[in-house]
Amino acid sequence: MDEQALMGLNPNADACYRQRALAYFEQLKESLDGWEVCAQALAKGVYSDDHVKFFCFQLMNVHPEKPFIRNKVAQVLALTFVMEYLTLWPKFFFDILNLVGLNPNGVDIYLRTLMAIDAEVVDRDILHSPEETRRNTLIKDSMRERCIPALVESWFQILQTYQHTHSELTCQCLEVVGAYVSWIDLNLIANDRFVNLLLSHMSMEELREEACDCLFEIVNKGMDPVDKTKLVESLCQVLQSAGFFSIEQEEDVDFLAKFSRLVNGMGQSLVLSWTKLSKMGDVKVSAETLRAVEGKVPLMLQLLIHEDDDISANIVGFCYDYLHVLKQLPALNEQQKTNVEAIMLAVMNKLKYDDEYNFENEGEDEAMFVEYRKQLKMLLDRLAQVSPELLLEAVHRVFNATMQNWQTVQFMEVEMAIRLLYMLGEALPASHGAHFSGDTTKTSTLQSMMRTLIICGVSEYQHSSVTLEFFETVVRYDKFFLVEPQHIPSVLMAFLDHRGLRHSSPKVRSRVAYLFSRFIKTLYKHMNAFIEDILSRIQDLLELAPPENGFPVLLSSDDQLFMFETAGVLIVNGESPAERKQALMRSLLTPLMEAFRMLLAKLPQEASEERQAVLADYLSHAVGFASRTSKAFSNKQTVKQCGCSEVYLDCLQTFLPAISCPVQRGPLRSAVRSFLHRMIICLEEEVLPFIPAASQHMLKDCEPRDLQEFIPLISQITAKFKVQGCTINQNKPVKFTVNAAPHKLMLQQPDVKVLKNYMKVFQEPSCCLHIPLSVRFYVAVLTHFYCVCAGFFPAGQTLKLELSSGATYRPP
């Protein structure tokens, strides 16, 4: 800045200097970056002279039409305040107030600066160091002593002056009051003149929402429970007298959403006061506070049942807390029982979808409703804690009434009725899903509703939401079919026909595939009579559909994984002899192997890399499907006991050639490696003859990443077969080739553990080791390869080794 021109700012300066200062002021005013020069001077504390600071403030206020500049100015002033207020500039606010007066542009900068100071000093969402926290505490203490009353007075003047002419400024000021009220003396704000002014703003269309937010912050301020109750009650009386509680006459849903939040804040504050007073043992005052809470329940119910979900969602917190209060009472009086029933009806009504919900293409609005439904579920769970009998009776009544006439009822009513039955499963929890044993009233009611759900035919309802809710509920209460197994056939048909796996909606088919898998896993002992019929009906859903056949696919590959697992569970857990199980498993996996051989033969012939990737994807799916069927085996039903070893060995022989395919090696090797992991578990020592060939192909021309991914497989083999030795052809040496990489690799924890266990073989003085013919042999070789790649040995060379029985290997 022009130092000589700045000398003219002093009142005692010569006329020529003053003239130069004025000219310099006009020059900076016209300059595009003049405001920035002044802002930097203030932020860096270059000038301590008050006249220069005043000069800078005036310049920074010359671009009122540019909000980003105003925000930048406010940020600079806030940073200057934080650095200088406690030491160099204790009159900061008084200087600002004297400068801006009631000029709209100046007031705008002043309010923005206050919000910027709040962000720097008060905002709890911003993390501060311990030193910054101590500094901020000192700043707030100093402000309370020196200037808060003056600031509050300025806010009142701004609100009063601009409420009819500058709504934007008034809203800014209300935001400032709401931000600062949490740490200043509440009496400065919660008094007749301020509250009356805020209430007048509640009646002004452009100010009412901000006024609501400001009142919410006042109510939310931490204080003594008795004082808080008095504050909330006095505010409620004023609002009620002014007609704000008559919400049925209010058409502005945006304002009602804010008002609902305010009522929620008042209700939760009263509940918190009641909790504190109860703990203090003040019976009389806590009883008065409870009456105050219950006095707000009618208004709460009106807001909860409102057709606008935002308005309803904003009051859920108070409703939840009120139910928590009722839960702690020794007994409910008649009015409280009535309140509980009213909340139940409100929740049930609000659970319904509306006509505009898009089930096939869910967007932001649909996601918001799903979140809102989760809040309602919390209320339902709390209702169950307060009065489980009342909830069970209410759901039973609504469910029966709807199921009796489901053909003539709208889909949202039917879905809601089934949804309520579904939600009871969590609202009235049972150990391991045992909903149909224990309490007779509960079990008989749930059994009755489940029986009605299956028999009444509602699974035929032509809406995807009802269909999905039917299957979700059937699977949630799958233990019902252990009590009444006669209903299994009808539910199986629903899963298998146009209502389930053949539904017109891909979304329904996908979900049903997963639910069907769960259903079968739970009830496999009751499926023996239906196994071959089910396998026959789902046969086309188990086909590996290559991309060139052109037929539409009913299920995605992820969905088919569940179907193959389901088929495996049915075969393995059936009561058929081992020969029949083997035949069924072979008929399940043979089409996969045939399709795999055909696609693998085509893969190297494809010229297009995109086409190669598609075929490799289908080959990986085939391996994954076969692997998924093996999840059905257990310690009680092993592969050997079921006679299926030969089938999976055939799968191994079919899949292993893929690892030597010259194209798309990454995905194919990954798929086969995963299958080997499963077979080591399922086939045990029968898999060992395949390990040498698999290792040889996987380590041939491999990249460092291939080695890293191969280590867990070797580790698994080593852990599984500590005693058994590998069956290696004594006359045919095993060959490995690896291209050493010039860079190091990052090891995951399991890999590090493997290396630590086996690196000792290379620490002999002669660097010579005798490798026995056991699984450890492969780990030792792999470890050396890894050392080459990681830089322990010279890079850039190809390491070849041949090993046979009793061979001695000396690293280069």
Side-chain angles (χ1 to χ4, degrees), residues 340-341 343-353 373 376-377 379-461 463 465-495 499-500 512 515 518-519 522-523 526:
V340 169
E341 289 182 8
I343 294 171
M344 280 184 192
L345 291 174
V347 170
M348 291 176 186
N349 189 57
K350 292 300 294 181
L351 276 170
K352 297 174 193 171
Y353 288 107
R373 257 192 161 193
L376 294 176
K377 180 194 172 300
L379 285 182
L380 201 77
D381 292 344
R382 183 62 85 190
L383 284 164
Q385 294 171 6
V386 175
S387 182
E389 302 82 8
L390 209 57
L391 178 63
L392 190 62
E393 182 186 338
V395 171
H396 192 194
R397 186 171 60 249
V398 171
F399 180 84
N400 281 350
T402 307
M403 292 302 109
Q404 285 172 8
N405 304 293
W406 64 264
Q407 296 93 336
T408 57
V409 178
Q410 288 185 302
F411 84 88
M412 62 279 291
E413 300 276 353
V414 181
E415 193 276 343
M416 180 269 292
I418 303 175
R419 181 73 178 175
L420 285 171
L421 172 57
Y422 176 85
M423 291 169 80
L424 280 179
E426 289 183 7
L428 304 172
S431 177
H432 303 290
H435 293 285
F436 304 97
S437 60
D439 179 10
T440 309
T441 304
K442 173 192 165 186
T443 56
S444 62
T445 305
L446 284 175
Q447 268 184 249
S448 171
M449 286 192 280
M450 280 300 296
R451 201 178 301 118
T452 301
L453 178 70
I454 295 163
I455 293 173
C456 75
V458 73
S459 60
E460 295 281 0
Y461 199 100
H463 196 282
S465 68
V466 175
T467 303
L468 277 175
E469 206 58 61
F470 171 82
F471 287 114
E472 295 280 2
T473 306
V474 162
V475 173
R476 164 153 284 184
Y477 296 107
D478 48 17
K479 300 288 195 303
F480 164 77
F481 299 95
L482 300 176
V483 181
E484 299 190 23
Q486 66 270 25
H487 299 295
I488 289 177
S490 60
V491 172
L492 280 176
M493 283 308 301
F495 270 113
R499 292 167 286 178
V512 168
L515 293 172
R518 280 184 53 190
F519 187 76
T522 302
L523 301 170
H526 295 266

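All values below were derived from every heavy atom in this structure, side-chain atoms included, with hydrogens, water molecules and symmetry-related copies excluded. Here the structure is a predicted model, which means the values were calculated and not measured.
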Worksheet item: Taking C-beta and beyond as the side chain, do Thr452 and Gln404 meet within less than 4.5 Å on heavy atoms?
Response: no

Worksheet item: Below 4.5 Å, heavy atoms only, C-beta onward: do Thr473 and Met450 meet side chain to side chain?
Response: yes

Discussion item. I'd like to check His463 versus Met412 (side-chain heavy atoms, cut-off strictly below 4.5 Å). Are they in contact?
Written reply: no

Worksheet item: Side-chain contact, heavy-atom cut-off 4.5 Å: Val395 with Met344?
Response: no

Worksheet item: Under the ring-ring contact (aromatic ring centres under 6.0 Å, His included) criterion, do Phe481 and Phe519 qualify, and how do the steps go?
Response: CA-CA 10 Å; Phe481 299 95; Phe519 187 76; 5.4 Å; yes

Worksheet item: With a 4.5 Å limit on heavy-atom distance, are the side chains of Leu392 and Lys442 in contact?
Response: yes

Worksheet item: Has Arg373 got its NZ or CZ under 6.0 Å from the middle of the six-membered ring of Tyr353, at an angle within 45 degrees of the ring axis?
Response: yes

Item to complete: Check whether any side-chain heavy atom of Lys377 sits under 4.5 Å from a side-chain heavy atom of Glu426, and report yes or no.
Response: yes

Practice prompt. Could you tell me whether a side-chain N or O of Thr522 sits under 3.5 Å from a main-chain N or O of Arg518, the two making a donor and an acceptor?
Written response: yes

Practice prompt. Calculate, to the nearest 0.5 Å, the distance between atoms CE and CG belonging to Met449 and Leu424 respectively.
Written response: 5.5 Å

Practice prompt. To the nearest 0.5 Å, tell me how far Arg382 CZ sits from Gln385 CD.
Written response: 4.5 Å

Worksheet item: What are the two closest heavy atoms between Leu428 and Pro388, and how far apart are they?
Response: CD2-CB, 3.7 Å

Worksheet item: Where does the angle between the aromatic ring planes of Tyr477 and His435 fall among parallel (under 30°), tilted (30 to 60°) and perpendicular (over 60°)?
Response: perpendicular

Practice prompt. Can you see which heavy atom on Ile418 is nearest to which on Met403, and at what distance?
Written response: CG1-CE, 3.9 Å

Worksheet item: Any side-chain heavy atom of Val398 within less than 4.5 Å of one from Met416?
Response: yes

Worksheet item: Just how far is it from atom CG of Leu376 to atom CZ of Arg419, taken to the nearest 0.5 Å?
Response: 10.5 Å

Response to the item:
Output for pair (Phe471 CZ, Leu515 CG), nearest 0.5 Å, gives 8.5 Å

Worksheet item: Below 4.5 Å, heavy atoms only, C-beta onward: do His526 and Leu482 meet side chain to side chain?
Response: yes

Worksheet item: Any sub-3.5 Å donor-acceptor pair from Ser448's side-chain atoms to Ser444's backbone N or O?
Response: no

Worksheet, complete the sentence: Heavy atoms of Pro489 and Pro485 approach each other most closely as CD-O, 3.9 Å

Worksheet entry | Candidate pair Leu453 and Phe399, rule side-chain contact (heavy atoms from CB on, under 4.5 Å), full reasoning | CA-CA 9 Å; Leu453 178 70; Phe399 180 84; 4.0 Å; yes

Practice prompt. Quick one: pull up CD in Glu413 and OG1 in Thr408 and give me the separation to the nearest 0.5 Å.
Written response: 10.5 Å

Worksheet item: To the nearest 0.5 Å, how far apart are CG in Leu523 and NZ in Lys479?
Response: 8.0 Å

Worksheet item: Looking at Ala384 and Ala427, what are the two nearest heavy atoms and their distance?
Response: CB-O, 3.3 Å

Item to complete: Measure across Ser490 and Arg499 and return the closest heavy-atom pair with its distance rounded to 0.1 Å.
Response: O-NH2, 4.4 Å

Discussion item. For Gln407, I'd like to know if atom CD has over 12 heavy atoms of other residues, nucleotides or ligands within 6.0 Å.
Written reply: yes

Worksheet item: When you look at Met348 and Leu420, which way does the side-chain contact (heavy atoms from CB on, under 4.5 Å) test go after all the steps?
Response: CA-CA 8 Å; Met348 291 176 186; Leu420 285 171; 3.7 Å; yes

Item to complete: Give a yes or no answer on whether the side chain of Trp406 reaches the backbone of Tyr461 with a donor-acceptor pair at less than 3.5 Å.
Response: no

